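To start, the structure under review is shown below, and the notes come after it.
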Amino acid sequence: MEKYYITTPIYYPSGKFHIGTAYTTILADTTKRYKKLRGYDAYFLTGLDEHGQKIETVAKENGKTPQEHVDFMAEKTIELWKRMNIQYDDFIRTTEPRHEKIVQEIFDRLMNQGDIYMGEYEGWYCMPCETYFTETQLVDGKCPDCGREVKKMKEESYFFNMKKYQKRLEEFYEKNPDFIEPISRKNELFNNFIKPGIEDLCVSRTSFDWGIKVKANPKHVIYVWLDALTNYITALGYLSEDDSKFKKYWPADLQIVGKDIIRFHGIYWPIFLMALDLPIPKKIYAHGFISIRDGKMSKSKGNIIYPEQMIDRYGLDATKYYLLREFPFDQDMTVTPENFVNRYNGDLANDLGNLLNRTIGMINKYFEGTVDTSNIKETEFDEVLKKLALQKAKEAEECLDNLHYSNALEKIWQIVSASNKYIDDTKPWVLFKSEDEQDKRLLASVMANLVENLRIVAVLLQPFMEETSNKIFAQLNIDLRDWDSSHEYIANRGTIKVGKDVEPLFVRLEVEKELEYLENIIKGKK
RNA sequence: CGCGGGGUAGAGCAGUUGGCAGCUCGUCGGGCUCAUAACCCGAAGGUCGGUAGUUCGAGUCUAUCCCCCGCAACCA
């Protein structure tokens with residue numbers, strides 16, 4: 001079985017995770033589910049980046065030790081992923097021995113082979129915040145966090161010799177133009193940071209404690225990226241006794257990141273791997289940010305959306321559908337209350353939900369729930385409908401292969417729309433009233449086609465909305481759901497016996513009420 | 001100053017190699033009654049940011065200008 005290794009970044013648990021973090025994880029989860037359906041041995045890693053200055057600070061604010069804080073956050077995170085039915089295979093925490101031990105070994109090795117050297121880190125230091133800032137981070141020359149004076153300070157630090165790998169990295173990019181997607185992000189990174197010359201990276205600090213100690217020099221703590229990025233291989237058991245997973249799954253096939261950390265994944269990470277003489281991941285996908293109307297989500301604006309606020313009220317599937325349907329592949333997404341309500345009522349309730357409902361309803365009404373499809377007679381609209389369904393299924397698959405999830409959903413919904421139109425075209429209620437025996441056969445054909453279209457939709461929906469897909473299969477009382485069955489159209493399937501209970505998939509939202517709820521979230525009132 | 005992305009119907013967006021300007025929602029009108037007041041059809045609505053070019057022909061190529069958003073490195 002071909003393997004497929006997919007990762008999310010390890011998130012930094014200094015505070016609650018917002019909808020953007022949830023989106024990254026949803027993307028990875030959707031991909032994993034899809035790859036599994038396609039027969040891959042898909043392995044999905046996520047986790048937490050638990051070290052650093054900020055964790056130390058936040059823990060202190062809450063009267064906890066850093067370890068207590070991250071333990072608590074890890075529990076909360078796992079709870080959230082469970083709530084979101086995220087099917088990860090491993091959850092790595094950088095405070096785990098399996099990670100810390102190997103990071104130390106990696107550090108030693110890089111130092112011994114001359115990639116890491118002792119130098120001096122210089123930056124603007126804010127005493128009360130105990131944090132360094134770069135020149136550009138300062139606001140009016142003052143600390144961006146507390147607004148107080150900063151001092152130029154120096155400390156002894158280890159550095160990674162990135163410059164040494166400049167050429168190899170450039171060559172790598174030339175040979176692998178698809179390494180980073182979307183291409184615009186690649187260009188941005190390449191033009192701004194690689195072409196002008198890479199700078200060496202500071203990989204240790206002495207100004208705080210909460211991190212992995214450098215073995216050979218324990219007053220140094222390993223700083224950020226060497227600790228964080230290596231999680232992708234330590235989680236697989238790299239350099240550990242049992243490295244079977246590492247051997248099996250590395251290199252990663254897809255690493256999903258937010259656009260803010262593309263630089264670290266596109267420059268430092270490949271170089272670390274080169275230094276360790278390991279293969280580089282096949283692809284990094286950097287998605288955009290979620291913004292609210294005109295602005296970015298931010299604490300100061302108070303317009304942060306938390307995943308629970310959506311999921312608890314609208315359900316997991318609707319939340320996932322909205323994000324996956326509206327997020328453009330290579331741009332930011334703008335969330336508006338109107339837009340969400342539109343998608344929910346329009347796409348989920350009216351188009352899909354109602355299609356299933358009216359189909360099941362007709363079969364119960366016209367055939368008492370049981371249709372014999374062995375003697376159907378095709379209507380003049382059938383051929384077009386079938387062709388379209390198979391065509392769109394194929395197109396949706398192509399979109400899925402390219403991570404174009406929004407487009408994939410659009411294709412799936414074209415099958416839904418065509419089915420709704422098909423009902424109008426064939427007028428089953430007229431066929432039902434006809435005395436002609438031929439019309440009865442036509443009617444059976446119409447029902448068979450609707451069932452088959454819905455079945456194909458349910459198959460295609462599996463990676464996106466598991467629960468909804470299951471509900472459709474259950475109501476249709478069909479269980480043919482393997483992926484390849486979306487490529488064959490089986491109108492004649494013997495006797496169809498649909499479910500009696502026709503519970504709506506999605507109940508229409510009261511527009512005004514929900515707009516208000518969503519407005520309040522955006523304004524930070526809830 | 002630099003880099004990336006945008007500027008297409010009231011709103012949100014598609015527009016592959018240049019060839020009669022599309023989609024969703026909204027609005028207006030019509031149809032249908034199986035269904036979650038859902039579904040289907042039709043119409044109105046755009047000098048495709050400005051200007052100058054290349055071309056038989058440009059939203060699509062070239063130049064230049066204007067406006068909006070984001071990024072500028074050791075901040076996760």
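This is a predicted model, so every value here is computed, not measured. No hydrogens, no waters, no symmetry mates; every other heavy atom, side chains included, goes into these values. Residue numbers start from 1 in every chain, and the chains themselves are labelled A, B, ... in the order their sequence lines are given, proteins ahead of strands.
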Of the candidate nucleotides [options], which contains the atom at the shortest distance from the side chain of [X]?
X       : options                   : answer
I261(A) : rA76(B), rC71(B), rA35(B) : rA76(B)
W429(A) : rC32(B), rC71(B), rA76(B) : rC32(B)
N354(A) : rA35(B), rG4(B), rA76(B)  : rA35(B)
D351(A) : rG4(B), rA72(B), rC39(B)  : rC39(B)
Y366(A) : rG70(B), rC40(B), rC34(B) : rC34(B)
V224(A) : rA73(B), rG2(B), rA76(B)  : rA76(B)
S184(A) : rA35(B), rG5(B), rA73(B)  : rG5(B)
K54(A)  : rA38(B), rA76(B), rA72(B) : rA76(B)
Y121(A) : rC34(B), rA72(B), rC75(B) : rC75(B)
R358(A) : rC75(B), rG4(B), rC39(B)  : rC39(B)

Indicate yes or no: at least one non-hydrogen side-chain atom of [X] is less than 4.5 angstrom from one of [Y].
X       : Y       : value
Y121(A) : V203(A) : no
K164(A) : D115(A) : yes
F506(A) : Y344(A) : yes
P13(A)  : Y11(A)  : no
F193(A) : I262(A) : no

Base, sugar-phosphate, or nothing: which does [X] touch, judged by heavy atoms less than 4.0 Å apart?
X       : result
G353(A) : base
P428(A) : nothing
A349(A) : base
L355(A) : nothing
K427(A) : nothing
G197(A) : base
N342(A) : sugar-phosphate

Rounded interatomic separation in angstrom, taking [atom1] from [X] and [atom2] from [N]:
X       : N       : atom1 : atom2 : value
H404(A) : rG15(B) : NE2   : P     : 10 Å
K259(A) : rG5(B)  : NZ    : P     : 12 Å
I292(A) : rG12(B) : CD1   : P     : 15 Å
E338(A) : rG10(B) : CD    : P     : 18 Å
R185(A) : rC71(B) : CZ    : C1'   : 9 Å
F289(A) : rG5(B)  : CZ    : C1'   : 14 Å
N345(A) : rA38(B) : CG    : P     : 8 Å
E188(A) : rG4(B)  : CD    : P     : 8 Å

> If you pin I267(A) and Y11(A) to their nearest nucleotides in RNA chain B, which one's is more 5'?
Replying inline: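 Looking at the nearest nucleotide for each, I267(A) comes out on the 5' side.
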>> Taking the nucleotide of RNA chain B with the nearest heavy atom to each, does R343(A) or M362(A) sit closer to the 5' end?
In response: R343(A)
Please determine whether a side-chain nitrogen or oxygen atom of [X] lies at a distance below 4.0 Å from atom OP1 or OP2 of [N].
X       : N       : answer
Q331(A) : rG7(B)  : no
Y223(A) : rA76(B) : yes
N191(A) : rG4(B)  : yes
K421(A) : rC41(B) : yes
R205(A) : rC75(B) : yes

> F264(A) vs W225(A) aromatic rings, parallel, tilted or perpendicular, using cut-offs 30° and 60°?
Replying inline: parallel
>> Are there runs of at least three consecutive Watson-Crick or G-U pairs touching RNA chain B, with each pair's two distances under 3.5 angstrom? Give them by first number.
In response: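 Detected stem regions: B:2-7 with B:66-71, B:10-13 with B:22-25, B:27-31 with B:39-43, B:49-53 with B:61-65.
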Taking atom [atom1] in both [N] and [M], compute the distance separating them and give it to the nearest angstrom.
N       : M       : atom1 : value
rU55(B) : rG19(B) : C1'   : 12 Å
rU8(B)  : rC48(B) : P     : 11 Å
rA11(B) : rU54(B) : P     : 34 Å
rG7(B)  : rA14(B) : C1'   : 15 Å
rU36(B) : rC75(B) : C1'   : 49 Å
rG31(B) : rA38(B) : C1'   : 15 Å
rC32(B) : rA37(B) : C1'   : 14 Å
rA52(B) : rG10(B) : P     : 24 Å

> Would the number of heavy atoms belonging to other residues, nucleotides or ligands and lying under 6.0 Å from CD of E510(A) be above 12?
Replying inline: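 It does not: E510(A) CD has 12 such atoms or fewer within range.
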Using 4.0 Å as the upper bound for N to carboxylate O, is an ion pair formed by [Y] and [X]?
X       : Y       : value
K471(A) : E467(A) : yes
E516(A) : K513(A) : no
D330(A) : R185(A) : no

> Between Y314(A) and F340(A), does the ring centre distance come in under 6.0 Å?
Replying inline: yes
Donor-acceptor pair under 3.5 Å, [X] side chain vs [N] base:
X       : N       : result
N350(A) : rA38(B) : no
E326(A) : rG12(B) : no
D424(A) : rG31(B) : yes

